[in-house]
Amino acid sequence: MSEWQGWIGREEERRDRVDASALARWLATLDRGPTSDGAVPQGFHWCLGLPDAPTAQLGNDGHPRRDESEDSFMPPAPLPRRMWASSEVEFLRPLRVGETIARRSRIAAIAEKQGGSGKLLFVTIEHRTHADDALALRETQSIVFREAAPPDAPLSPPAPGAAGFDAAAWDAHRPMTPNEPLLFRYSALTFNSHRIHYDLPYARDAERYRGLVVHGPLTATLLLDLAQRQFGDNALTRFAFRGLSPAICGEPLHLVLRGGGDAIELAAFAGDGRQIMSGTAAT
Ligand SMILES: CC(C)(COP(=O)(O)OP(=O)(O)OC[C@H]1O[C@@H](n2cnc3c(N)ncnc32)[C@H](O)[C@@H]1OP(=O)(O)O)[C@@H](O)C(=O)NCCC(=O)NCCSC(=O)C[C@](C)(O)C(=O)O
């Protein structure tokens, strides 16, 4: 039996409210206007039910410390470098300003794997989000913990090559460059104090990234935004994404999609063609 068996099934519940001011800040962060019907655009749910551990209880990476205690929801992964690996979201009904949110989360699986980059520990969490007592969203999220990088490890991802990105194969393309203010605003919106997103010496020296890392849910939110510009606000019934390689702040990011109906393909690429994220969705 895995040493993690006792953590499977552990649950937590967080309560929140869809707040008009938070929504206004989210829309400003994404450079977009409100929806025509007043509902909250898809992607905003990642700003709800946030971790609120006191600052004194944060670990070296800026996340709430993970330990064996009864109040710790996340298992005490011995691997220090945390990343958001993937998510599968089902949108059952749009959220509206003023609604009361209850999100129940459950540790569904913990799996050790050997990856090309070293030892990996995947923690899979199932979330159920109710808005005014109606089930509005289901999400299965995977967080990955990676082993420490030796202090002289080459910075990752490798410096951009020259190949370039080809937009011709896609139906919609939004080029952009995530910058420090965008990353700061997204960290603030999600109350995420993970240092890889704002502390360059830490990101480079402790975790061996080439620069500040763009949040996985921010890239996913930008893809959802692209899809909603194409198909309409709250048009998607499901969205799944997988982080393939870190996006670096200050470097070009190409957000693309193609297809329609139940066969929408989404992706994010770096300027040199390195794929950052893959995704699928359906209307
Ligand atoms: C995760 C890395 C290190 C693995 O890269 P690797 O080369 O070591 O692994 P691999 O050899 O490609 O795969 C090994 C195994 O892992 C699985 N696997 C591999 N990748 C995934 C994935 N994404 N989701 C689910 N499973 C995955 C893969 O299927 C395989 O399983 P198998 O042995 O059973 O066949 C690499 O893919 C990578 O760097 N991805 C980018 C992640 C990223 O940039 N996330 C966003 C930034 S971090 C963040 O936003 C944080 C936040 C918001 O602050 C916060 O803490 O919550």
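Quick note: residue numbers are just sequence positions, from 1. Counting starts at 1 for both ligands and their atoms, following the listed order.
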Ligand 1 to Ser86, heavy atom cutoff 4.0 Å, flagged ligand atoms 24 (N), 25 (C)

Using heavy-atom distances, let me know which of Thr190, Ile196, Leu244 sits nearest atom 36 (C) of ligand 1.
Leu244

Of all protein heavy atoms, the one nearest atom 44 (O) of ligand 1 is Pro246 CA, 3.4 Å

Quick note on ligand 1: atoms under 4.0 Å from a heavy atom of Arg146 include exactly 3 (C)

Proximity of Pro217 to ligand 1 by residue part, where a heavy atom lies under 4.0 Å:
side chain

Suppose we measure from atom 40 (N) of ligand 1 to each protein heavy atom; which comes out shortest, and what is that distance?
Gly243 O, 3.0 Å

Can you measure from CG (Asp205) to CG (Asp199) and round to the nearest 0.5 angstrom?
9.0 Å

Worked check of side-chain contact (heavy atoms from CB on, under 4.5 Å) between Phe44 and Thr221:
CA-CA 8 Å; Phe44 181 78; Thr221 295; over 6 Å; no

Minimum non-hydrogen distance to atom 49 (C) of ligand 1, winning option of Tyr209, Trp46, Trp84:
Trp84

Okay, side chain of Arg128, backbone of Arg104: is any donor-acceptor separation there less than 3.5 Å?
no

For ligand 1, which atoms sit closer than 4.0 Å to a heavy atom of Asn192?
52 (C), 53 (C), 54 (O)

Heavy atoms only, cut-off 4.0 Å: how does Leu120 contact ligand 1, side chain, backbone, both, or neither?
side chain

Under a 4.0 Å N-O cut-off, is there an ion pair linking Arg208 with Asp152?
no

Can a side-chain donor-acceptor contact be found between Arg274 and Ser245 if the only test is distance below 3.5 angstrom?
yes

Check each atom of ligand 1 against the heavy atoms of Ala85 and keep those under 4.0 Å away; list them by number with element.
22 (C), 23 (N), 24 (N)

Test of understanding: given a 4.0 Å heavy-atom threshold, classify the contact between Ser117 and ligand 1 as side chain, backbone, both, or neither.
both

Which of the ligand 1 atoms, numbered from 1, are nearer than 4.0 Å to a heavy atom of Gly115:
8 (O), 9 (O), 11 (O), 14 (C)

With a cut-off of 4.0 Å, which atoms of ligand 1 are near a heavy atom of Val214?
47 (C)

Just going by heavy-atom distances, which of Met83, Arg82, His197, Arg242 is nearest to atom 52 (C) of ligand 1?
His197

Pair Phe241 and Phe239, ring centroids less than 6.0 Å apart:
yes

What atoms of ligand 1 come within less than 4.0 Å of a heavy atom belonging to His215?
50 (O)

Quick one: does any side-chain atom of Asp132 pair with a main-chain N or O of Thr100 as donor and acceptor, under 3.5 Å?
yes

Can a side-chain donor-acceptor contact be found between Ser193 and His63 if the only test is distance below 3.5 angstrom?
no

A student checking ligand 1 against Ser245 at a 4.0 Å heavy-atom cut-off should list atoms 40 (N), 41 (C), 44 (O)

Scan side-chain atoms only and decide if Glu265 and Trp170 contain a donor-acceptor pair under the 3.5 Å cut-off.
no

Ligand 1 to Ile143 polar contact by distance, N or O atoms, under 3.5 Å:
no

Can you find a side-chain donor-acceptor pair between Ser105 and His127 that sits under 3.5 Å?
yes

With distance as the sole criterion, is a donor-acceptor pair present between the side chains of Asn60 and Arg195 under 3.5 Å?
yes

Relative to atom 34 (O) of ligand 1, which among His63, Lys113, Met277 owns the nearest non-hydrogen atom?
Lys113

Do Ser87 and Glu139 have side-chain atoms, one donor and one acceptor, less than 3.5 Å apart?
yes

Short side-chain to backbone donor-acceptor contact, Asp19 and Val97, under 3.5 Å
no

Report the nearest protein non-hydrogen atom to atom 50 (O) of ligand 1: residue, atom name, distance rounded to 0.1 Å.
Gly216 N, 2.7 Å

For atom 1 (C) of ligand 1, find the nearest protein heavy atom and state the residue, atom name and distance (0.1 Å precision).
Val144 CG1, 3.9 Å

Among all the protein's non-hydrogen atoms, which is closest to atom 11 (O) of ligand 1, and how far away is it?
Gly116 N, 2.9 Å

With respect to Ala247, determine whether any N or O atom, backbone or side chain, lies less than 3.5 Å from an N or O atom of ligand 1.
no

For atom 18 (N) of ligand 1, is the nearest protein heavy atom under 4.0 Å away?
yes

Do Phe165 and His254 make the cut of ring centroids closer than 6.0 angstrom?
yes

